Amino acid sequence: MKISNGMKKEYDHKKIETKWQTIWEKKGIYHASDPSISLGTSKSKKPKYYSLIEFPYPSGEGLHVGHPRPYIGMDIISRKRRMQGFNVLYPIGWDAFGLPTENYAIKTGKDPRVVTKKNTDTFRRQIKSLGVSFDWSREINTTDPKYYKWTQWIFLQFFKKGLAYKARININWCPKDKIGLANEEVIAGACERCGTLVEKREKEQWMLAITKYADRLCKDLDDVDYLPQIKLGQRNWIGRSEGAEIEFLMSCVRQDLTQDKGGVTIKVFTTRPDTIFGVTFLAVAPEVAKKLTGKDYGIKVDTDRENKEKIGVDTGLKAKNPASGEMIPVWVVNYVSADYGTGAVMGVPGHDERDFEFAKKYNLEIKEVVIPKVIDNKNPPREDKKEVFRNAIQAIIIDPNTKKILSLKWKKFNWTTFIVGGVENNEDLVSAARREILEEVGYKNLKYIRTLGGPVESHFFAAHKDENRKATFFALVFELENEEKVEVSEEEKEKHELSWTTWEEMVKDKNLACSEFQIWQARFFNNEVVYMEPGILINSGKFSGMDSEQAKKEIIKFVGGKEKTTFKLRDWVFSRQRYWGEPIPIINCKNCGYIPVPDKDLPVELPKLTGKMKNYMPTDSGESPLANISKWVNTTCPTCGGKAKRETDTMPNWAGSSWYYLRYTDVKNKKEFASKKNLKYWGAVDWYNGGNEHTTLHLLYSRFWHKFLYDLKLVPTKEPYMKRTSHGLILAEGGEKMSKSKGNVINPDEIVKVYGADTLRLYEMFMGPFHQSVVWSTESIIGVRRFIERVWNLQYKVASPDAFSQSLGPSLPSATPSKKHAGEATPVHNSSISQLLNQTIKKVTEDIETMKFNTCISTFMIFINEASKLDSLSLEVYEKFLKLLSPFAPHVTEEIWQSLYPYQTSPYSRGRRKEGVNPTSIHLSKWPEWDPNLIQDEEIKIVIQVNGKVRTEILIQVDEQEEEIKNKALINDVILKYTTNKTIKNIFYVKNRLVNIVVM
RNA sequence: GCCCAGGUGGCGGAAUUGGUAGACGCGAUAGACUCAAAAUCUAUUGGUGGCAACAUCAUGAGAGUUCGAUUCUCUCCCUGGGCACCA
């Protein structure tokens, strides 16, 4: 019954892994077929699948165990897709421009090219040792002139379309190192390198107009399948907000400015034009104030994290509120920045927390113009009843001794309310409340404490009057001084009785008929709540009573403003004063201005620094080190032929990664960044997995480039990536990030050496949820290694092919397991193992799609634990299991598969293979399918609960009726103990799960 | 301050999305094999009480909804990541 060559081999990962890596590479089994090659062949019929990981930055430290996690994850996806019949493109390359290499070059004087070569060699060797199925024939490197030629070319397309431009902007400047720093290089306001506090300095920079695409970058997120957090991250970063620009006419402005015909205006941007009647001041950024008056007010907007106190100075200027006509003061403040919106905002302290804080501090007027609108959900307005408007009060009476509050329990309607009543003409709120209290409950001696904020508009049906009410309620708080009462009329006494309760008790009261209750409660305990939500307008001239959302549009029209959408997203600062980046391919000519380098002269190669010039540091004036190489800088103008200078700025390291996925489709193309044919065939990336840290910058930048190329009709799809997921970091054993400086880096080389690549791969997938950060634990690796050994040892229990084909007989060609046959070979166990196998196939097939690799592996373990208990296992079952496992542990599964194969009639190749002849790789075999009929058990164990507590379990048949099952449960001995002498109130049955008996 | 993710045994983590909480693995304890150790195998392993059957408590804390809550709702507390007064 067993394969009996007698010799059981030990699992030796060292022999197996490099052997297969070499064979796979030689046979090129992971190469993707381009359309031109596969045309007319069988491969062309395969659907394409493009899976992508973020290509690594080859640092000098080499790979640590965190790097491969995403590669392994997507490798599993890619391998499964290949087995499912897809033509898979799974490429890798090097994002090799960047600071660490440059800093290393500055320190050591070594050429970054040499350093990069060394680093990529290390990375390549390490990644290859893990058996990731990358198509290495498509390896790219962003620092290769053949690659960055196209990065430069794309930049020039931006330039030609006017989307790349020069602007003077503030940059971070390190006064010690005399260089400009990228935002990423500024740590807590100080230079990353030397710790000196960073200054702002104005400098000319190349910019890319990403804001032109802001709207589309936001909207098109609807069409892609990204994890929700990723979409949200992008949306927040883009920061789209709809509002309006409204002009405020100024008075008392500088003489020379008032001579304009229509007077001077300040334009504000607001998302709440509906609150315009509540504007009591204008708040402007210092720059804007300076333009108006020429004065410097000594106010600075600083983004410093510590100093958040709002400060401001009254400019003395007045502006006219275009809605109310009121004259309001104009303040310079430190909480309005000049570069967002218009640099001026309406101060609405009634409905904006910042304005409120500011107004409180400087004693500015606070006006309430929007009130909450409440629709009573217990007694909502009814359709055909007339609507009556009332001004009304609710009186909240507190007993100062007990802190309890008074409510009325209505006898006829089952309501609990405060004392409620209308306000009569010419009556103030306090007297109205006192009158109502006297009428309804008779208390004479009360101290008025305060009114709880402004009114609330409440819509409800008043059953006792049979009419719909639209009431404007005020809540007034009184303290009871003593119990002295007047006699209340019989009529009132019959309506309700009094009740003293706490706020908490009242909330829980199911009969509470006061929709405003929560508002009153919040205001009672915190009297400075700024109402920022939509509602109903008050004190707003002809707009009073209008719904705030509707009022927005009408008020914009009324004041002559215009609707406007603003974004937080800024244009992209694209210049770096650095050596190790793509040179910006622009020539500056005194006569002709900025001229693009002609296509034929691309790439503009980064000049090598030699001899005395060998200094990778930026210059004293903060220019890139390229500025020192006059031979390179001085050139001729392509337009007029006169003397001209090259641009010495280089591109940020985001540039090369903004389009690399396109190059993978056609890496050797010298005429285009990629051929139309290949781009069309491979289309958008089907699945892109990357780190959370790139969900905003890199992902947004590359979407932007892609959309631009789409507009030029150079790429076929609107979006570059159809699906985006992210992986969590692997943290060091203390829970910190792995870093060389902390000395807590785990090098995968050692793990591969000791345990093998398959073990490392399985462990990284088993550690925890793929999307979540996990802590490395070398101690736990042994578990998956043991598992692999058990998989290995199982091959010696596999039934011999003769016994196997005998037992399976006629069913072999269909390759479908059948109970009938399985039962014959090993009577007791094989039917249950084939059921377990089918369950495993289903679970693994599904869980891979949601990247639940950890549960896949525990499913494998369960299978192996069961299979190991058997005396023998059918080859078919074992083979299917190996296939399932092969994307996770490609080496060991291939080794076992190949050693089983020579004895077997292959379902995938005709006829009998000769011993020793290499059959097809397991990685090119077909992904197993499960048989739905074999998954379900015939008998199912279900749980019986009494009052939600598990008391016992019973077995039921699959097709058993609900009534039968309930009866079984009721007559169960254990259950009877809990149900005798009790009334059975209800029985719940959840199919195939449980019965819950509710007793009293 | 705002946004996002998360909080479950000694540890990493499961839980069919409202239905047996703790799958699977690590570690630990005991036993088998061994002269012995390692490896391997077998059993046990959330807390408390009990010889036991069993009972009872338990998913950051507190409330709520429900026959039933790790899962839904509200409030609060921690941990990790991102943003900086965005009008």
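Remember, it's a predicted structure, so these values are computed and weren't measured experimentally. Chain naming here is simple, since letters A, B, ... match the order of the sequence lines and numbering starts at 1 in each.
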Original post:
Across the strands shown, which category fits A:T855 at heavy-atom distances under 4.0 angstrom: base, sugar-phosphate, nothing?
Top reply: sugar-phosphate
Original post:
Rounded to whole angstrom units, what separation is found between the CG atom of A:D847 and the P atom of B:A14?
Top reply: 11 Å
Subject >> Presence of A:N865 side-chain N/O under 4.0 Å of B:G25 phosphate oxygens OP1/OP2 >> reply: yes
Original post:
What's the base orientation of B:U48: syn (chi within 90° of 0) or anti?
Top reply: anti
**OP:** Mind checking side chain to side chain contact (heavy atoms under 4.5 Å, CB included) for A:E866 and listing every partner two or more places apart, or none if nothing turns up?
**Re:** A:I833, A:L836, A:K869
Original post:
Please walk me through it: do A:K361 and A:E357 pass salt bridge (charged side-chain N to carboxylate O under 4.0 Å, His left out)?
Top reply: CA-CA 6 Å; A:K361 182 171 173 184; A:E357 190 190 326; over 6 Å; no
Subject >> Whole-angstrom distance between B:A69 and B:U59, as gauged at atom P >> reply: 11 Å
**OP:** For B:A5 and B:C86, measure between their C1' atoms and round to the nearest Å.
**Re:** 24 Å
**OP:** Would you mind checking if A:R354 and A:E309 are paired as a salt bridge, meaning a charged N to carboxylate O distance below 4.0 Å?
**Re:** no
**OP:** Can you run through RNA chain B from 5' to 3' and write each base as (, ), [, ], | or . depending on how it pairs? Watson-Crick or G-U wobble, both distances under 3.5 Å.
**Re:** (((((((..(((......[....)))((((((.......))))))((((....))))..(((((..]....))))))))))))....
**OP:** Starting from P on B:A15, measure out to CG on A:N992 and report it in whole angstrom.
**Re:** 20 Å
Subject >> B:G9: syn or anti, per glycosidic angle within 90° of 0 >> reply: syn
Original post:
Roughly, in whole Å, what's the span from CZ in A:R240 to P in B:A87?
Top reply: 13 Å
Subject >> Reading 5' to 3' through nucleotides 3-10 of chain B, protein heavy-atom contacts under 4.0 Å coded B for base, S for sugar-phosphate only, - for none >> reply: SSS-----
**OP:** Looking only at side-chain atoms of A:E779, point me to the closest of B:A87, B:G27, B:C24.
**Re:** B:G27
Original post:
Looking only at side chains, do A:Y335 and A:D355 share a donor and an acceptor under 3.5 Å apart?
Top reply: yes
Original post:
Looking across every strand, which nucleic acid part, if any, lies under 4.0 Å from A:S780 by heavy atom: base, sugar-phosphate, or nothing?
Top reply: sugar-phosphate
Original post:
Roughly how far apart, to the nearest Å, are B:U17 and B:U71 at atom C1'?
Top reply: 7 Å
Original post:
Just how far, in rounded Å, is P of B:C26 from CH2 of A:W776?
Top reply: 15 Å
Collect all protein-nucleotide pairs involving nucleotides 59-61 of chain B in which both atoms are nitrogen or oxygen and the distance is under 3.5 Å.
none

**OP:** Please determine if A:K966 forms a cation-pi arrangement with A:Y989, meaning its NZ or CZ atom is less than 6.0 Å from the six-membered ring centre and no more than 45° off the ring axis.
**Re:** no
Original post:
CG of A:L762 versus C1' of B:G12: gap in Å, rounded?
Top reply: 15 Å
**OP:** Mind calculating the distance between NZ (A:K966) and P (B:G19) to the nearest angstrom?
**Re:** 18 Å
Subject >> A:K14/A:D12 ion pair, N-O < 4.0 Å >> reply: no
**OP:** Give the rounded distance in Å between these two atoms: CZ of A:F766 and C1' of B:G12.
**Re:** 8 Å
Original post:
Residues in side chain to side chain donor-acceptor pair (under 3.5 Å) with A:R703, at least two apart?
Top reply: A:Q234, A:E719
Subject >> Strand contacts (RNA chain B) in residues 270-281 of chain A, 4.0 angstrom heavy-atom criterion >> reply: A:T270, A:T271
Subject >> Separation of atom CD in A:E245 from atom C1' in B:C86, rounded to whole Å >> reply: 14 Å
Original post:
Do the charged groups of A:K564 and A:E242 touch, with an N to O distance under 4.0 Å?
Top reply: no
**OP:** Write down the distance separating the C1' atoms in B:G82 and B:U8, rounded off to the nearest Å.
**Re:** 26 Å
Original post:
Closest to the A:K941 side chain: B:A87, B:A23, B:U20?
Top reply: B:U20
Original post:
When we call it a touch if two heavy atoms are under 4.0 Å apart, what does A:V774 touch: a base, just sugar-phosphate, or nothing?
Top reply: sugar-phosphate
Original post:
Got A:I299 and A:V333 here, is their nearest side-chain heavy-atom distance under 4.5 Å?
Top reply: no
Original post:
Among B:C26, B:A15, B:G13, which is the nearest nucleotide to the side chain of A:K852?
Top reply: B:A15
Subject >> Stepwise salt bridge (charged side-chain N to carboxylate O under 4.0 Å, His left out) test for A:R272 and A:E549 >> reply: CA-CA 9 Å; A:R272 292 296 301 270; A:E549 287 305 305; 5.8 Å; no
Original post:
Would you call A:F770 and A:N689 a side-chain contact if the rule is heavy atoms closer than 4.5 Å?
Top reply: yes
Subject >> Worked verdict on A:E54 versus A:H698 for side chain to side chain donor-acceptor pair (under 3.5 Å) >> reply: CA-CA 10 Å; A:E54 285 165 350; A:H698 160 65; 4.7 Å; no
**OP:** Would you mind telling me which residue lines up with the more 5' stretch of RNA chain B, A:S241 or A:N854, judged by nearest nucleotide?
**Re:** A:N854
Original post:
Closest approach of A:I230 and A:L699, non-hydrogen atoms and distance?
Top reply: CG2-CD2, 3.7 Å
**OP:** State plainly whether the residues A:K267 and A:E245 are in salt-bridge range, i.e. N to O under 4.0 Å.
**Re:** yes
**OP:** Show your reasoning for whether side chain to side chain contact (heavy atoms under 4.5 Å, CB included) applies to A:E953 and A:I944.
**Re:** CA-CA 6 Å; A:E953 48 195 37; A:I944 309 178; over 6 Å; no
Nucleotides 64-74 of chain B: which of its N/O atoms have a protein N/O under 3.5 Å away?
from	atom 1	to	atom 2	distance (Å)
B:C67	O2	A:N996	ND2	2.4

Subject >> Residues forming a side chain to side chain donor-acceptor pair (under 3.5 Å) with A:K985, sequence neighbours excluded >> reply: none
Subject >> Per-nucleotide protein contact string for nucleotides 77-82 of chain B, where B marks a base within reach and S marks sugar-phosphate only (heavy atoms under 4.0 Å, - for neither) >> reply: ------
Original post:
Is a salt bridge present between A:E960 and A:K968, judged by a nitrogen-to-oxygen distance below 4.0 Å?
Top reply: yes
Original post:
Taking 4.0 angstrom as the limit, do A:D871 and A:K797 come out as a salt bridge?
Top reply: no
Restricting both atoms to N or O, compile the protein contacts to nucleotides 39-44 of chain B shorter than 3.5 Å, with distance only.
from	atom 1	to	atom 2	distance (Å)
B:U40	OP1	A:R786	NE	3.0

Original post:
In Å and rounded to the nearest 0.5 Å, what is the CZ to CZ distance from A:F888 to A:F766?
Top reply: 11.5 Å
**OP:** Using the side-chain hydrogen bond (donor to acceptor under 3.5 Å, both in side chains) rule, collect all pairs that involve residues 853-862 of chain A, keeping only residues at least two apart or in two chains.
**Re:** A:D847-A:T855
Subject >> 4.5 Å side-chain heavy-atom contact, A:P534 and A:V370 >> reply: no
Please tabulate the protein-to-nucleotide N/O contacts below 3.5 Å involving nucleotides 51-56 of chain B, giving atom names and distances.
from	atom 1	to	atom 2	distance (Å)
B:A55	OP1	A:R951	NH1	3.2
B:A55	OP1	A:Y978	OH	2.3
B:U56	OP2	A:R951	NH1	3.4

Subject >> Stepwise ring-ring contact (aromatic ring centres under 6.0 Å, His included) test for A:Y755 and A:Y763 >> reply: CA-CA 10 Å; A:Y755 298 95; A:Y763 178 62; 9.0 Å; no
